[in-house]
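Working notes, structure below.
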Amino acid sequence: MATQSADRKRCLSCQHWGGERSVGAEPDNVDYLEHNDRGTCNDGGWHGSSRCGPRNACGHWLKWIALEMPAAAPDTPPDDTAAP
């Protein structure tokens, strides 16, 4: 698994990118598989290209919305001390 920071403003962290990826463990990081690092550009500067990868960039970069979402709260066990 490889990781790339959204600060680089590359296709992997762009809302327009249609490849396989996941939100990284660190804030503003994207995890991806190095052997599967290409995706289709959807409405961005490379629109229609299916060869956009970790080094591609353009002037239409828009931060991937999944990176803007707050981290999920950890599961908390039920409170067994509550009065009936």
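Being a predicted model, the structure only gives us computed values, none of them experimental.
For the atom pair CG of Asp7 and CG of Asn29, the computed distance is 8.0 Å after rounding to the nearest 0.5 Å. Between the CZ atom in Arg8 and the OG atom in Ser13 there is a gap of 9.0 Å [rounded to 0.5 Å]. Taking SG of Cys11 as the reference point, atom CH2 of Trp61 lies at 11.0 Å (rounded to 0.5 Å). Interatomic distance, CG of Asp28 versus CD of Gln4, reported as 12.0 Å (0.5 Å rounding). How far OG of Ser49 is from CG of Asn56: 7.0 Å, rounded to the nearest 0.5 Å. For the atom pair Ser5 OG and Leu12 CG, the distance stands at 11.5 Å (nearest 0.5 Å).
Between Asp31 and Gly24, the shortest heavy-atom distance links the atoms OD2-CA, 3.4 Å. Taking each heavy atom of Cys14 and His60 in turn, the nearest pair found is SG-O, 4.3 Å. Looking at every heavy atom in both residues, Ala57 comes nearest to Lys9 through CB-O, 3.7 Å.
Proximity of Arg10 to Val30: side-chain heavy atoms (C-beta onward) are nowhere separated by under 4.5 Å.
Checking side-chain atoms of His47 against main-chain N and O of Asn42 turns up no donor-acceptor pair under 3.5 Å.
Checking each of Arg21, Glu20, Gln15 against Trp17 for a side chain to side chain contact (heavy atoms under 4.5 Å, CB included) leaves exactly one that passes, namely Arg21.
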Determine, stepwise, if the pair Arg55 / Asp37 fulfils side-chain contact (heavy atoms from CB on, under 4.5 Å). CA-CA 10 Å; Arg55 284 177 249 159; Asp37 64 357; 5.8 Å; no
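Residue Leu33 is found in a hydrophobic cluster whose other members, listed by chain and number, are Met1; membership requires side-chain heavy atoms under 4.5 Å apart, directly or through intermediates.
Heavy atoms of other residues, nucleotides or ligands lying less than 6.0 angstrom from CD of Glu26 number 12 at most.
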